[in-house]
Each structure stands twice: as structure tokens, then as C-alpha cells.
Novice: 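Structure in C-alpha cells, see below.
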Amino acid sequence: MSNNLIFSGIQPTGNLHLGNYLGAIRNWVKLQNDFECIFCVVDMHAITIPQDPAVLHASIREVAAGMIASGVDPQKNILFNQSRVPAHAELAWVLNCIARIGWLNRMTQFKDKAGKNRDNATVGLYVYPNLMAADILTYKATHVPVGDDQKQHLELARDIAQAFNSQFGVDFFPLPEPQIFATAARVMSLRDGTKKMSKSDASDQSRINLTDGPDEIAQKLKRAKTDPLPLPESAEDMKERPEVANLIGIYAALSDREIGDVVTEFAGKGFAEFKGRLADLAVSVLGPIGTEMQRLTKDPGYVDQVLREGGEKANAIAAPVVDQVHDIVGFLR
Ligand code: TRP
């Protein structure tokens, strides 16, 4: 459908891992064939928590390289980093003057990220969801693929769009729909099946980085935590076995199969056999991505050019929308 426009964003903080791939990037690769898509490396969101400038700089390129290596086609889609398109910050200001403090006070992610010492959190972290709404609305995006944890921010974006339209008596912003991908949206740590796989985990053994080579991938999966029982006979049997459920979920996601189907295939078998098969599967899917990322990392000129051209295309869509917003609000141009 030609009226649909997809927008999604990913933060350039730390290394990309299997959770980012299965939870976000892989889904984007699937969407690009059927929809017009805009994918954004949200560097302005990243600085809501203090970042080392050199590390941030490298991470922006790395995340873009990871997306390209995973199959996001920079010709077919718009791929760029947020800070080079001024519309995001400009619209965010107007939306700051639409969203209410009470709405932001309900955001659970702010509470989690700010922790106990809320007075010390940046104001940027607090208004982060307004910037996210601006990202989406400045393209008048209709669909937003995100993980479960972003659902509340998307509802806020809808509320803001609605409030803007009604305050000014216009039908200007479409209300964006969340698209939550269910399968393996949550990839857990290989060392603790109750914790999310995370770039900030101290143990590198807990995650598979997209830059890991075949030997590292295989080794990490073979050493992944399990339990002494054989593989479960039914999905029901995995409830109390989070590590097992995680590995089976990863297998199902990487092979594009149903979890129940994978459970049936390996029911009653030992972990040595299952982990061997999982390692082969993971290496066959992720190995080429890692190799391509390493190649792109050696050629930052190419990645920079993709982001620059993507930024120009994004700006061409976003700038006129901001102009129209300024007219609606009553600013003099
Ligand atoms: N907040 C999102 C996350 O942490 C990233 C993001 C920023 C985003 N802007 C967006 C996602 C707009 C979708 C649409 O995952």
C-alpha cells in the first residue's frame, strides 16, 4: 500500500548483538520489500545519557554498518543518522509545548533509566519520548516497528499527534500504529535466562555480537548455560527453564520456524546435539553479517556516504512538514 510509511530508530550505544538483530534489524530487512521505509540511527537520543564523543562517533558508523551488513538496502530505503536532519530537533520543540508533564510522568522507561536519583537525570532523558514522537511525525509515518518496551512511547506519540491536531483544528498528523514483532523479540543472556541480552553486560560470553567470527559464535552457544535435563517435550515444559526457552527461541527465530515445531524436533534429545545444530545455524546466518561488518568498518567512507545521502533524502521529506507545522502554529517565516 503506497500510503504506508514506516519509520523506525535504533540507538548507537555500544555494540550490536543478536538481540538487536532478531528484535529489530531483521524485521526491518523483511519490511523493506513491501513498504517505503525510513531507518534512523538516533544519535540525539543516545546523548540523553552522557556518551564519550569518540565512542559515540564510532557507534553511529557501526550501527549503520550493521544494518547494511544485515541486508537493509540503502538504495531502497532511507538510512541516516538523526542529528544531520534539523527537523527532528525543531519539531521536538513544538511537541514539547503540546505534551503535558503528566503524560511524561507516566513513562516507565524514564523511571527505569533515571533510577533512584531522578533529580540527576538529564532533562533530555525526560523529554526523550517527545523527540521520538517528532522522529515519527516529521515524516508523517503511519507504521512503527518497535520492541515491546517501546509500546508506551508510541502510545504517547499518538496522543501528541491527536492533541496537536485538535488544538489547532487540523487533520495534519496521522496517528502512527505500532508494529510489535512477537517472535524472539526478547533475546536473553546466554549466562542467565532471566536477564535480557545486553551490550552493557560485563560478560562478553552472555551475548553474541554481530561482529563475532564463526569460532566465537559457536563457542559462546556451546558454553551457554542450560540444565542437566534433556530437551523439553512440549513448550509448556520450558516455563521453568528460561535458559532452555531462550536457546529454543533463538533457534526458531534464526530458522524462521515456530517454537512448537523446534520443540517437537528436539524433544528428549541431549543438549550436545541441539547446541551443535544451533551453533551451525547461527554461524550460517550471522557469519556473513560479521564478515561484511568488518569489511564496512574498514571502509567508513562508504558508510558515511550512505548516511549523508540518506540524510538529504530524509531532509527533503521532513523540512516541508516542519514548515507546515510552523505555519499551523502561527510562526512568521
Ligand atoms: N526509543 C527507541 C529505542 O530505544 C529508539 C527510537 C528513537 C525509535 N526514535 C524512534 C524507534 C522512532 C521507533 C521510532 O528502541
Side-chain angles (χ1 to χ4, degrees), residues 4-17 19-28 31-32 35-49 51 56 59-60 63-64 66-67 72 77-85 87-92 95-96 99 104 107-114 121-122 124-161 173-181 185-187 196-200 310-311 314 317-318 321:
N4 287 340
L5 182 74
I6 288 180
F7 183 97
S8 199
I10 186 167
Q11 288 208 44
T13 42
N15 302 335
L16 288 178
H17 56 71
N20 304 120
Y21 177 71
L22 291 178
I25 301 175
R26 186 178 74 128
N27 299 313
W28 298 357
L31 288 167
Q32 67 182 352
F35 302 99
E36 191 181 346
C37 299
I38 302 177
F39 299 126
C40 186
V41 181
V42 291
D43 45 13
M44 290 162 64
H45 278 95
I47 64 163
T48 56
I49 288 172
Q51 303 292 330
L56 176 64
S59 296
I60 295 166
V63 169
M67 285 161 61
V72 171
N77 309 285
I78 298 178
L79 172 56
F80 72 109
N81 59 310
Q82 190 181 26
S83 60
R84 63 169 79 233
V85 177
H88 296 254
E90 291 171 349
L91 183 58
L95 302 186
N96 280 343
L104 289 174
M107 296 295 113
T108 57
Q109 189 165 73
F110 174 76
K111 291 176 198 168
D112 291 347
K113 286 198 180 175
T122 69
L125 187 67
Y126 186 64
V127 293
Y128 174 118
N130 294 350
L131 177 60
M132 180 164 162
D135 297 340
I136 298 164
L137 298 178
T138 199
Y139 301 96
K140 296 191 172 183
T142 56
H143 292 81
V144 183
V146 282
D148 217 18
D149 61 332
Q150 296 299 312
K151 221 169 139 183
Q152 194 185 32
H153 288 163
L154 222 14
E155 277 155 18
L156 181 80
R158 290 168 62 88
D159 288 345
I160 292 174
F173 288 127
L175 306 189
E177 297 281 344
Q179 286 183 305
I180 312 285
F181 291 98
R186 270 172 85 80
V187 177
K196 223 171 145 173
M197 185 177 284
S198 159
K199 37 204 166 195
S200 52
I317 302 173
V321 173

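Since this is a predicted model, take the numbers as computed values, not measurements. Remember, it's 1-based here, ligands and their atoms both numbered in the order they're listed.
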Novice: Using only heavy-atom distances, determine whether the side chains of Thr13 and Gln51 contain a donor-acceptor pair under 3.5 Å.
Specialist: no
Novice: Distance under 4.0 Å to a non-hydrogen atom of Val146: what atoms of ligand 1 satisfy this?
Specialist: 11 (C), 13 (C)
Novice: Just need the protein heavy atom nearest to atom 5 (C) of ligand 1, so name the residue and atom and give the distance.
Specialist: Gly9 O, 3.6 Å
Novice: Near Val144, which atoms of ligand 1 are under 4.0 Å from a heavy atom of that residue?
Specialist: 13 (C), 14 (C)
Novice: Using a 4.0 Å cut-off to any heavy atom of Gln11, which atoms of ligand 1 qualify?
Specialist: 4 (O)
Novice: Residue-level breakdown please: for Asp149 versus ligand 1, do any non-hydrogen atoms fall below 4.0 Å on the side chain, on the backbone, on both, or on neither?
Specialist: neither
Novice: I want to know if ligand 1 touches Gln150 in the polar sense, i.e. an N/O pair below 3.5 angstrom.
Specialist: yes
Novice: Verify the neighbour count for atom NZ of Lys151: are there more than 12 heavy atoms of other residues, nucleotides or ligands below 6.0 Å?
Specialist: no
Novice: N/O of Tyr128 under 3.5 Å from N/O of ligand 1, yes or no?
Specialist: yes
Novice: Run the side chain to side chain donor-acceptor pair (under 3.5 Å) test on Gln82 and Asp135 for me, step by step, so that the C-alpha distance in whole Å, both residues' side-chain angles and the decisive distance to 0.1 Å come before the verdict.
Specialist: CA-CA 8 Å; Gln82 190 181 26; Asp135 297 340; 2.9 Å; yes
Novice: Give the numbers and elements of all ligand 1 atoms closer than 4.0 Å to a heavy atom of Phe7.
Specialist: 12 (C), 14 (C)
Novice: Going through the checks in order, is the ring pair (Phe, Tyr, Trp, His ring centres under 6.0 Å) test met by His143 and Phe7?
Specialist: CA-CA 7 Å; His143 292 81; Phe7 183 97; over 10 Å; no
Novice: How far apart are the C-alpha atoms of Phe110 and Leu104, what are their side-chain angles, what is the distance that settles it, and do they pass the side-chain contact (heavy atoms from CB on, under 4.5 Å) test?
Specialist: CA-CA 8 Å; Phe110 174 76; Leu104 289 174; over 6 Å; no
Novice: Ignoring hydrogens and geometry, is there a side-chain-to-backbone donor-acceptor pair from Arg158 to Pro176 under 3.5 Å?
Specialist: yes
Novice: Is the number of heavy atoms from other residues, nucleotides or ligands under 6.0 Å of Leu56 CG greater than 12?
Specialist: yes
Novice: Number the atoms of ligand 1 from 1 as they appear, then name those within less than 4.0 Å of a heavy atom of Val42, with their elements.
Specialist: 7 (C), 9 (N)
Novice: Could you check atom 9 (N) of ligand 1 against the protein and tell me its nearest heavy-atom contact, residue, atom and distance included?
Specialist: Asp135 OD2, 2.7 Å
